[in-house]
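Both backbone and side-chain heavy atoms feed into the values below; hydrogens, waters and symmetry mates do not. Counting starts at 1 for both ligands and their atoms, in listed order. In this text the structure is predicted, and so the values were computed from the model without any measurement.
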Amino acid sequence: MLPNHSVPAERRRSWAEPYRIKMVELLKMTTPAERRVALEAAGYNTFLLRSDDVYIDLLTDSGTSAMSDAQWAGMMRGDEAYAGSRNFYGLESAVQARYGYRYVVPTHQGRGAEHLISRILISPGDVVPGNMYFTTTRLHQELAGATFVDVIIDQAHDPESLYPFKGNIDLDKFRELIDRVGAKKIPYISVAATVNMAGGQPISMENIRQVSQLARQHGIRVILDATRAIENAWFIKQREAGFADRSIASILLEMCSYTDGCTMSGKKDLLVNIGGFLALNDWEVFEEARNLVVVYEGLHTYGGLSGRDMEAMAIGIEEALNEDHIRARIGQVEYLGQQLIQAGIPIVLPVGGHAIYLDARSFLPHVPQDEFPAQSLAAELYLEAGIRAMERGVISAGRNLQTGQHNYPKLELVRLTIPRRVYTQAHMDVTAESVINLYERREAIGGLKMIYEPKYLRFFQARFEPVAVGTSREKRGEYADPQEA
Ligand code: PLI
């Protein structure tokens, strides 16, 4: 049947990507036997697989987006001067205009910015609160001598809670921390938008405003992790009263206006393969960042990036703020989520901005947390269909630096992360079908034993081997008391 073009756009139920494909990258299809060999060689850690052995790569949305023709054209305009590259000034203007901060220091990626701000603002013995930890952010805070304290609302730890802003900060927890340790020990509060480890969950504008008010009353700075702030702005527009008619651009500017600066990984919202920045309003902090960036990243007008990278990121800022883009981007994540929900698969609800998170506790209730159910589930998904996902559970949470014990997070998740503008609806269908197949044979999936553990950010390089299924069954339901992770 021919499509009925007389159906008004607002009544159309299906959506399509606001782009067409000009170039393709061929993928290798593998057999189960080949995948078994590859997984064993990778020590059951999806980070250690070779990309060539992966069919649909949902490891991360970081640096994996497809750049547009305009971005590629911008790469040709790279000014590779050591100092004063014109692309730096273009990036600086774009950040000032769209995020609203006064000063911009480019960094090679987000953790470069986290390193600088942690070194500048933290003194040993300080405490940094935040809305759930992020791996690299917390580690930089700890390496600078601070202790991270999670002040996210309790609903964020409950995968079934339908609260629309599960990234919100609990003001009572923040207030209690200020009373307990004193404002002088809190150099800043780290506010993430959206919250990656909670399932890509947004923070509301009202909450950012209130957090900022409380922090400012006590002379505490607010540092935004703006990595996925544009996706967060989309949720504010959809879910928060009074924002439906506002542009994403104006919501983003308002969010940033309640903060003193941001760290940014351009590899997510901003549609580039590499890049980031630290943006600030305070001249003294900026001056110190400009000093330090020369030591750790590169000159203050390139910060570890080439001119062409900065150009692509500046163009990415404009493309990321395009409302058709953001609707399709989050729409694709929602599409996959709905297929899994309809099949009864336990996932973190509501569906977040950049990924679907399988709830490994409910998926594999017979595997105790000490046998890393999420790690095991990610490995099985690769075996099933060549789909690469990522563990976001006890392995990612690492160890308590003081006690050496595992941090046991309440959320034991497998993240199916959707790169921007890369995969089609058919890839989402294959992903959903593969997860459903896995769910049907979940009883046969056992746990893992860690046989190699690196010192920092262990999830990247740890190695595992399978534990016999029967062993896990005997320990059914054994989860340690969740601690702040
Ligand atoms: O990977 P970087 O260094 O460009 O950015 C670090 C970083 C900071 N904040 C947040 C919320 C992130 O998600 C983040 C990186 N995330 C990765 C790599 C991810 O796979 O989610």
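For ligand 1, none of its N or O atoms has an N or O atom of R392 under 3.5 Å away.
Between D53 and R35 there is no salt bridge, since none of the side-chain N atoms of the basic residue sits less than 4.0 Å from a carboxylate O of the acidic one. Remark: D154 engages K173 in a salt bridge, criterion side-chain N to carboxylate O under 4.0 Å.
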Start with the C-alpha distance between T301 and Y89, add both sets of side-chain angles, then the distance that settles side chain to side chain donor-acceptor pair (under 3.5 Å), and finish with yes or no. CA-CA 8 Å; T301 56; Y89 296 105; 5.8 Å; no
Before you tell me yes or no, could you show the steps for D429 and Y335 under side chain to side chain donor-acceptor pair (under 3.5 Å), namely the whole-Å CA-CA distance, both residues' side-chain angles and the distance that decides it to 0.1 Å? CA-CA 9 Å; D429 292 340; Y335 174 82; 2.6 Å; yes
One pair to check against side chain to side chain donor-acceptor pair (under 3.5 Å): S161 and D158. What are the steps and the verdict? CA-CA 6 Å; S161 161; D158 173 5; 4.9 Å; no
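Side-chain N or O atoms of N400 include none that pairs as donor or acceptor with a backbone N or O of N407 at under 3.5 Å.
Contacts of H108 with ligand 1, taken as heavy-atom pairs under 4.0 Å, are absent altogether.
Comparing heavy-atom distances from atom 11 (C) of ligand 1 across T194, T136, D225 singles out D225 as nearest. Counting heavy atoms only, S265 comes closest to atom 4 (O) of ligand 1 of the residues S265, G275, G200.
Considering only non-hydrogen protein atoms, atom 2 (P) of ligand 1 sits nearest to Q109 NE2, 3.2 Å. Protein heavy atom at the shortest distance from atom 8 (C) of ligand 1 is E114 OE2, 3.0 Å. In terms of protein heavy atoms, atom 1 (O) of ligand 1 is closest to R111 NH2, 2.9 Å. Nearest to atom 15 (C) of ligand 1 among the protein's heavy atoms is K268 NZ, 2.7 Å. Of all protein heavy atoms, the one closest to atom 14 (C) of ligand 1 is F134 CE2, 3.2 Å.
Listed by atom number, the atoms of ligand 1 under 4.0 Å from T60 heavy atoms are 19 (C), 20 (O). Distances below 4.0 Å separate heavy atoms of M390 from the following atoms of ligand 1: 20 (O). Residue contact check: G110 has heavy atoms under 4.0 Å from atoms 2 (P), 3 (O), 4 (O), 5 (O) of ligand 1. Against a heavy-atom cut-off of under 4.0 Å, K267 is close to the following atoms of ligand 1: 4 (O). Per-residue contacts place T227 under 4.0 angstrom from the following atoms of ligand 1 (heavy atoms of the residue considered): 8 (C), 9 (N), 10 (C).
Environment of CD in Q238: crowded, with over 12 heavy atoms of neighbouring residues, nucleotides or ligands closer than 6.0 Å. Heavy atoms from other residues, nucleotides or ligands lying under 6.0 Å from CD of E323 number more than 12.
Ligand 1 lies within reach of R228, whose nearest heavy atom is under 4.0 Å from it.
With D61 as reference, R420 is the one residue of K268, R420, R421 to meet the salt bridge (charged side-chain N to carboxylate O under 4.0 Å, His left out) rule.
How far CD1 of I248 is from CG of L321: 8.0 Å, rounded to the nearest 0.5 Å.
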